[in-house]
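Along the sequence shown, residues are numbered consecutively beginning with 1. FYI, side chains are in, hydrogens and waters are out, and symmetry mates aren't considered; it's all heavy atoms of this structure.
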Amino acid sequence: MKEVTISDAVLRQAAGEGMDAFVGAFVTAIKEAIGGQLTAETLGELNSDQITLLAWDVLHEEVMDGGFVQLIHNGYGPFIFKNPFAKALKLWGMRELSKLIYDAHTLYVKYHEKIEKDCTDDEFMALFEQFPEFDDMDDEFVEREEEWTNDIAHFIDEHIERFALVKSE
């Protein structure tokens, strides 16, 4: 396992800036520990909680930017839907988010081949109209993003040792 470290000063500053910064500080520390490359090899160097946090980061970035269609089109479907991400979230006490991922997984299985195809920008934009089933899921994610980020921050805070070693400087 890679040792992920975060300085106490960085952690204090992030905590003072809010939940997004706090979660982001751990995401950054994990990414730095694996050289910024999320690959099968580097995933093997992390524990399940660290991988779950990186999956949250991918989910958050992609869905907030372009919804589940964008997440799938950009190739993140297998990382989110073919790994035990939803189960891990449930174990973290995040049942509603876990259910949303399971629901999106059903649509992923049904549509991923069409969504993942290479296409022009115009064809990509048309995907959103072709797969409106994702719209309610996108809306729910956006509406609850702050709540879920808060839940994740609290989980990290209660289990810091699972995510990083805090070093005083």
Side-chain angles (χ1 to χ4, degrees), residues 1-105 108 134 137-169:
M1 289 287 144
K2 279 277 186 196
E3 181 175 77
V4 177
T5 60
I6 189 167
S7 79
D8 188 49
V10 166
L11 200 52
R12 287 180 196 276
Q13 180 179 349
E17 292 173 12
M19 297 299 168
D20 288 320
F22 182 77
V23 171
F26 284 91
V27 169
T28 298
I30 294 166
K31 287 180 177 178
E32 286 175 358
I34 59 172
Q37 297 296 316
L38 188 60
T39 65
E41 182 180 328
T42 58
L43 283 178
E45 298 173 339
L46 300 173
N47 69 37
S48 61
D49 288 311
Q50 292 164 332
I51 293 167
T52 301
L53 184 57
L54 290 182
W56 159 258
D57 184 58
V58 166
L59 176 75
H60 181 263
E61 292 300 314
E62 292 293 319
V63 175
M64 291 300 289
D65 189 46
F68 282 98
V69 168
Q70 177 178 303
L71 178 136
I72 295 165
H73 180 74
N74 286 344
Y76 293 111
F79 183 49
I80 299 300
F81 300 117
K82 292 187 176 182
N83 284 307
F85 177 56
K87 181 179 181 181
L89 291 172
K90 190 174 181 182
L91 293 173
W92 283 12
M94 300 182 69
R95 291 188 178 280
E96 293 86 10
L97 179 55
S98 175
K99 182 182 180 324
L100 181 67
I101 300 304
Y102 281 123
D103 291 345
H105 176 263
Y108 168 76
F134 288 102
M137 292 176 201
D138 294 343
D139 291 346
E140 181 180 356
F141 188 90
V142 170
E143 289 167 9
R144 299 191 68 186
E145 176 271 338
E146 191 174 316
E147 169 193 346
W148 288 333
T149 300
N150 186 45
D151 291 345
I152 287 172
H154 279 82
F155 186 85
I156 293 169
D157 191 42
E158 293 169 4
H159 305 93
I160 285 179
E161 71 285 351
R162 295 184 187 179
F163 296 92
L165 175 63
V166 179
K167 297 223 176 188
S168 8
E169 294 179 13

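In this structure, S98 contributes its side chain and A86 its backbone to a donor-acceptor pair below 3.5 Å. No donor-acceptor pair closer than 3.5 Å links the side chain of E147 to the backbone N or O of R144.
Taking both residues in full, the closest heavy atoms of Q50 and R162 are given as CG-O, 3.7 Å, listed atom of the first, atom of the second, then distance. Closest approach of I80 to A55, counting heavy atoms only: CD1-O, 3.5 Å. A25 approaches A14 most closely through the heavy-atom pair CB-CB, 3.8 Å. Counting all heavy atoms, side chain and backbone alike, V4 lies closest to A33 at CG2-CB, 3.7 Å. Shown here for D138 and G67, the closest heavy-atom pair between the two residues is OD1-CA, 3.4 Å. Scanning all heavy atoms of the two residues, the minimum distance from S7 to V166 falls at C-CG1, 4.5 Å.
Sorted by first and then second residue, the pairs that involve residues 11-43 and meet ring-ring contact (aromatic ring centres under 6.0 Å, His included), not counting sequence neighbours, are F22-F26. Applying the side-chain hydrogen bond (donor to acceptor under 3.5 Å, both in side chains) rule to pairs touching residues 14-32 yields Q13-E17, K31-D57, sequence neighbours excluded.
Separation of atoms OH (Y76) and CD (Q70) is listed at 9.5 Å; rounding is to 0.5 Å. Between the NZ atom in K90 and the CD1 atom in I101 there is a gap of 14.0 Å [rounded to 0.5 Å]. Atom CD1 of I30 is separated from atom NZ of K2 by 13.5 Å, given to the nearest 0.5 angstrom. If you take CG on L59 and CG on L100, they are separated by 7.5 Å, rounding to the nearest 0.5 Å. For the atom pair CD1 (I152) and CZ (F163), the distance works out to 8.5 Å, reported to the nearest 0.5 Å. Residue Y108 holds its OH atom at 13.0 Å from CZ of F68, rounded to the nearest 0.5 Å.
Residues M19 and E146 form no side-chain contact, since every pair of their non-hydrogen atoms from C-beta on lies 4.5 Å or further apart. A 4.5 Å side-chain heavy-atom check between W148 and E96 finds at least one atom pair inside the cut-off.
When the ring-ring contact (aromatic ring centres under 6.0 Å, His included) test is applied to F155, the partners found at least two apart in sequence or on another chain are W92, H159.
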Would you check, one step at a time, whether the test side-chain contact (heavy atoms from CB on, under 4.5 Å) holds for V27 with L54?
-> CA-CA 6 Å; V27 169; L54 290 182; 4.2 Å; yes
So F79 and I51, side-chain contact (heavy atoms from CB on, under 4.5 Å) or not? Walk me through it.
-> CA-CA 10 Å; F79 183 49; I51 293 167; 4.2 Å; yes
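Under a cut-off of 6.0 angstrom, the local environment of CD in E161 is crowded, with over 12 non-hydrogen atoms contributed by other residues, nucleotides or ligands.
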